[in-house]
Amino acid sequence: MKFTIVGKNIDVTPGLRAAVEEKIGKLEKYFTPDTNANVTLNVDKERHKIEVTIPVKGKIIRAEQVSNDMYVSIDLVEEVIERQLKKYKSKLVDKQQAEASNFKKEYIESEYVDDDEIRIERMKKFDPKPMYPEDACVQMELLGHNFFVFVNAETDQVSVVYKRKGNTYGIIEPEV
């Protein structure tokens, strides 16, 4: 695996780099050697956060963990990604494209139990009304939801506003 390690509000010391490469490197048993792992280390007061993003064949494997110690966060994030890989193997690996993927042959051929199959329980249809993102946030709050789909009156694109931690909001828009 190839690592890109970036620090925000923290210097990436040789010790931290070695810990990331050793712990996340355990995932090499699933990926080919040319797979990239993008790692961001971030410290904000007592919050030591690690974000790992691994782009593979049209999908993105991503996990983040926060603790009061960066080394603990590194340990936790590796476990989360490994659990994701085992749980969603059938969703991640398309048998027709397996030969050209970032996954190792052993991982593709191994059997993991997919005990939590994804099921869509409910479908809603609605007529989205053009509105500004701020109005969409108000509508989302009135409905008591944590996201809201709308047509952005500024761009005429379907967008999503969502509630973030700390009572802030985010918006997801398609790239044009």
Student: For Val72, is there any backbone N or O sitting under 3.5 Å from a side-chain donor or acceptor partner on Asp69?
Tutor: yes

Student: Taking C-beta and beyond as the side chain, do Val39 and Thr4 meet within less than 4.5 Å on heavy atoms?
Tutor: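 Sidechains of Thr4 and Val39: no contact.
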
Student: Test side chain to side chain contact (heavy atoms under 4.5 Å, CB included) on Ile10 and Met70 and set out the steps.
Tutor: CA-CA 10 Å; Ile10 185 174; Met70 188 59 75; 4.1 Å; yes

Student: Between Val12 and Val6, is there a shared hydrophobic cluster once you connect ILVMFWY residues whose side-chain heavy atoms come closer than 4.5 Å?
Tutor: no

Student: If every non-hydrogen atom of Ile74 is compared with every non-hydrogen atom of Ala19, which pair is closest and at what distance?
Tutor: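 The pair with the smallest heavy-atom distance is CG2-O, 3.9 Å.
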
Student: Hydrophobic clusters here meaning ILVMFWY residues chained together by side-chain heavy-atom distances under 4.5 Å, can you tell me if Val80 and Ile61 are in one?
Tutor: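 Unlinked, Val80 and Ile61 end up in two clusters.
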
Student: Using salt bridge (Lys or Arg N to Asp or Glu O under 4.0 Å), reason through Lys2 and Glu21 one step at a time and then give a plain yes or no.
Tutor: CA-CA 9 Å; Lys2 299 174 186 170; Glu21 289 177 357; over 6 Å; no

Student: Is Ile54 close to Thr35 at the side-chain level, that is, under 4.5 Å between some pair of heavy atoms?
Tutor: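 Side-chain contact under 4.5 Å: yes.
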
Student: Taking the side chain as C-beta and beyond, is there a heavy-atom pair between Leu27 and Glu82 under 4.5 Å?
Tutor: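 Touching, per the 4.5 Å side-chain cut-off.
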
Student: Using every non-hydrogen atom in the two residues, find where Met140 and Asn146 come nearest and quote the distance to one decimal.
Tutor: SD-C, 3.5 Å

Student: State, to 0.1 Å, how close Pro133 and Phe150 come at their nearest heavy-atom pair, and which atoms those are.
Tutor: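 That would be CA-CZ, 3.9 Å.
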
Student: Can you see which heavy atom on Pro55 is nearest to which on Asn36, and at what distance?
Tutor: CD-O, 3.6 Å

Student: Taking side chain to side chain contact (heavy atoms under 4.5 Å, CB included) as the definition, give me every residue that meets it alongside Val138, ordered by chain and number, with sequence neighbours left out.
Tutor: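 Listed in chain order: Leu142.
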
Student: Answer whether the closest heavy-atom distance between the side chains of Thr40 and Lys8 falls below 4.5 Å.
Tutor: yes

Student: Would you give the length of the straight line joining atom OG of Ser67 to atom CG of Leu76, rounded to the nearest 0.5 angstrom?
Tutor: 6.0 Å

Student: Do Thr53 and Ile60 come close enough that some side-chain heavy atom pair is under 4.5 Å?
Tutor: yes

Student: Take Glu78 and Lys26 through the test side chain to side chain contact (heavy atoms under 4.5 Å, CB included) and record every step on the way to the result.
Tutor: CA-CA 8 Å; Glu78 183 268 333; Lys26 289 182 180 180; 4.0 Å; yes

Student: Between Asn42 and Glu51, is any side-chain donor less than 3.5 angstrom from a side-chain acceptor?
Tutor: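 Glu51 and Asn42 do not have a side-chain donor-acceptor pair below 3.5 Å.
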
Student: For the hydrophobic clusters of this structure (ILVMFWY residues joined by side-chain heavy atoms under 4.5 Å, transitively), does one cluster hold both Phe126 and Met131?
Tutor: no

Student: Hey, does the side chain of Glu28 reach the backbone of Met1 with a donor-acceptor pair shorter than 3.5 angstrom?
Tutor: yes

Student: Does the pair Tyr30 and Ile81 meet the rule for a side chain to side chain contact (heavy atoms under 4.5 Å, CB included), with working shown?
Tutor: CA-CA 11 Å; Tyr30 301 107; Ile81 291 175; over 6 Å; no

Student: Yes or no on salt bridge (Lys or Arg N to Asp or Glu O under 4.0 Å) for Lys163 and Glu141, after CA distance, side-chain angles and deciding distance?
Tutor: CA-CA 9 Å; Lys163 193 162 191 153; Glu141 291 293 341; 2.8 Å; yes

Student: Measuring only between side-chain heavy atoms, which start at C-beta, is Phe3 closer than 4.5 Å to Ile24?
Tutor: yes

Student: Within a strict 4.5 Å, meaning less than it, do heavy atoms of the Glu173 and Asn152 side chains meet?
Tutor: yes

Student: Whether the Thr13 and Asp11 side chains hold a donor-acceptor pair (N or O, under 3.5 Å, no angle test) is what I'd like checked.
Tutor: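 No donor-acceptor contact under 3.5 Å links the two side chains.
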
Student: Checking the side chain of Ser73 only, and the main-chain atoms of His48 only, is there a donor and an acceptor separated by less than 3.5 Å?
Tutor: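 Between the backbone of His48 and the side chain of Ser73 there is a qualifying donor-acceptor contact (under 3.5 Å).
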
Student: Take atom CD in Glu22; do more than 12 heavy atoms of anything else shown fall under 6.0 Å from it?
Tutor: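 Counting neighbours around CD of Glu22, 12 or fewer heavy atoms of other residues, nucleotides or ligands fall under 6.0 Å, so no.
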
Student: Could you check whether Glu134 and Tyr169, counting side-chain N and O atoms only, form a donor-acceptor pair closer than 3.5 Å?
Tutor: no

Student: I'd like to know if Lys23 pairs up with Glu79 as an ion pair, taking the criterion as any Lys NZ or Arg NE/NH1/NH2 lying under 4.0 Å from an Asp or Glu carboxylate oxygen.
Tutor: no

Student: Mind running side chain to side chain contact (heavy atoms under 4.5 Å, CB included) on Leu41 and Ile5 for me, showing each step along the way?
Tutor: CA-CA 8 Å; Leu41 307 174; Ile5 304 171; 4.2 Å; yes

Student: Indicate, with yes or no, if Val77 and Val66 share a hydrophobic cluster defined by side-chain heavy-atom contacts under 4.5 Å among Ile, Leu, Val, Met, Phe, Trp and Tyr.
Tutor: no

Student: Which atom pair, heavy atoms only, marks the closest approach of Tyr162 to Ile171?
Tutor: CE2-N, 3.6 Å

